[in-house]
There are 2 protein chains.
Amino acid sequence: MDPRRTPGQRAGLSREQVLAAARDSLLERGLSGLTMRAVAQRLGVAPNALYSHVPDKAALVEDLLDDALGAVPDPPADADWRTGLRDLMARTHAVLLDSPDLVPLYLGRGARGPNARRLGAGVLDLLARGGVTGPEAQEALRALIVYTIGFAAFEVQPGPEDADPGERSAGLSGTFDRGLGWLLAGIGG
Amino acid sequence: MDPRRTPGQRAGLSREQVLAAARDSLLERGLSGLTMRAVAQRLGVAPNALYSHVPDKAALVEDLLDDALGAVPDPPADADWRTGLRDLMARTHAVLLDSPDLVPLYLGRGARGPNARRLGAGVLDLLARGGVTGPEAQEALRALIVYTIGFAAFEVQPGPEDADPGERSAGLSGTFDRGLGWLLAGIGG
DNA sequence: GTGGCGAACTGTACGCCGTCCAGCTATATT
DNA sequence: AATATAGCTGGACGGCGTACAGTTCGCCAC
């Protein structure tokens, strides 16, 4: 509630602004700092004002999750299916690491938004190009998703205090690639 | 606060009883129903009484997490390393599915308790029997954990409403086995 | 213009949460 | 029997998500 605005006057918020404020809040204060009140304060608005733009906090978080996936590009249409998959999962992995606080939520509630569906379709398309279709493709899709998100979740944890996080992260990203290779080799049959 | 006990009188709680009550509460009311107040009520005690036995809620949850892993048995000492690994991970997977509400937490904060360490050591032992040691073993360990917990997390989600959960779960557990096979094949080199 | 309507916002409040503090008391120790 | 201590209590604090009712502004029909 900006003091220069008398009560009832509009702040002109939009759903996008609310989402952006939520993202900022998450970035600066972490997951536990992502509260309706914090987001509202960042927008100079009373907490309940958010409910004109978002049904509830769960919906807000869900939008946050799917939005993050928007940063993953579609694979090029002419790539070899296996390298295409490797690339797509690696990019997804990288995007997940960009917003560490969100990662546990993907596994807790899953992402069912448009971007999640787009990526799922992309994976299935690549698999089909490799001759993997039907239920087997569903299995492969699930294994890839699980591995990618699961790995990111593991990476994002605080972990026991030893070496500096830079080095640890570097070693891990190599591990991600190797395990992904195992999976892809298996999927090919 | 059992009315038959006048204030100051002891209920004779123990840390184990608090843990048990927390488990029951989790089972009946789900993760969001796991509150200090609910646990206390189940024990016939004021909420703050719990703090005589548990530092805070986070510690309680951590104990819950590690306790659940206690149900996973050690692999037999004479098993083939690959089938031993397959068995161990499958058992872990099954145990995870037994307390679905906990699964997301494993990825959110990880398990570092004695049982988690025991299982980790067991995996490393089996890997060593297969000639996989050093940093490569660490990578394999991580990949196996990630895959197992990640898969359970995925399975435990509500998912889009279609077929009955029994059938869905059956199909999934086959998928778990297959992906695990891919991983193990890759680890062997 | 002007009247009215609906959307955006406010203050306030409710019911929860985890947890701290100060007191009381039943038990264990000496 | 006197004392210390551990286990419990009532009460409260600050913070959370969010419902309710009211106020006020921007817009559109007339």
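Chain A is the first sequence line, chain B the second, and so forth, proteins listed ahead of strands; every chain is numbered from 1. Please read all numbers here as calculations on a predicted model, not as lab measurements.
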Once side-chain hydrogen bond (donor to acceptor under 3.5 Å, both in side chains) is applied, do any residues pair with [X], and if so which ones, sequence neighbours excluded?
{"X": "B:Arg178", "result": "A:Glu139"}
{"X": "A:Arg23", "result": "A:Asp67"}
{"X": "A:Arg117", "result": "none"}

Would you kindly give the [atom1]-to-[atom2] distance between [X] and [N], to the nearest whole Å?
{"X": "B:Arg37", "N": "D:dG11", "atom1": "CZ", "atom2": "C1'", "answer": "11 Å"}
{"X": "A:Gln41", "N": "C:dG11", "atom1": "CD", "atom2": "P", "answer": "13 Å"}
{"X": "A:Gln17", "N": "C:dA8", "atom1": "CD", "atom2": "C1'", "answer": "13 Å"}
{"X": "A:Asn48", "N": "D:dG22", "atom1": "CG", "atom2": "P", "answer": "15 Å"}

With sequence neighbours excluded, give me every salt bridge (Lys or Arg N to Asp or Glu O under 4.0 Å) pair touching residues 52-62 of chain A.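 Qualifying pairs, neighbours excluded: none.
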Taking salt bridge (charged side-chain N to carboxylate O under 4.0 Å, His left out) as the test, write out the residues that go with [X], two or more places apart.
{"X": "B:Glu28", "value": "B:Arg42"}
{"X": "A:Arg118", "value": "A:Asp74"}
{"X": "B:Asp125", "value": "B:Arg129"}

Give, ordered by number, those residues of residues 22-36 of chain A having at least one heavy-atom distance below 4.0 Å to an atom of DNA chain C; if nothing qualifies, reply none.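 Nothing qualifies; none.
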With a 4.0 Å heavy-atom cut-off, tell me which residues in residues 50-57 of chain A come close to DNA chain C, sorted by residue number.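 Within this stretch, A:Ser52, A:His53 sit under 4.0 Å of the strand.
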Can you tabulate the close N/O pairs, meaning under 3.5 Å, that link protein atoms to atoms of nucleotides 3-6 of chain D?
unit_1	atom_1	unit_2	atom_2	d
D:dA6	N3	B:Arg10	NH2	3.0

Considering residues at least two apart in sequence or located in another chain, which fulfil the side chain to side chain contact (heavy atoms under 4.5 Å, CB included) criterion with A:Pro75?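 So A:Pro75 forms a side chain to side chain contact (heavy atoms under 4.5 Å, CB included) with A:Leu88, A:Leu126.
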Just wondering, are more than 12 heavy atoms of other shown residues or ligands nearer than 6.0 Å to CD in A:Gln41?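 No - once you tally the heavy atoms of other residues, nucleotides and ligands closer than 6.0 Å, there are 12 at most.
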Which residues pass the ring pair (Phe, Tyr, Trp, His ring centres under 6.0 Å) test with B:Tyr147, not counting sequence neighbours?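 B:Phe151, B:Phe176.
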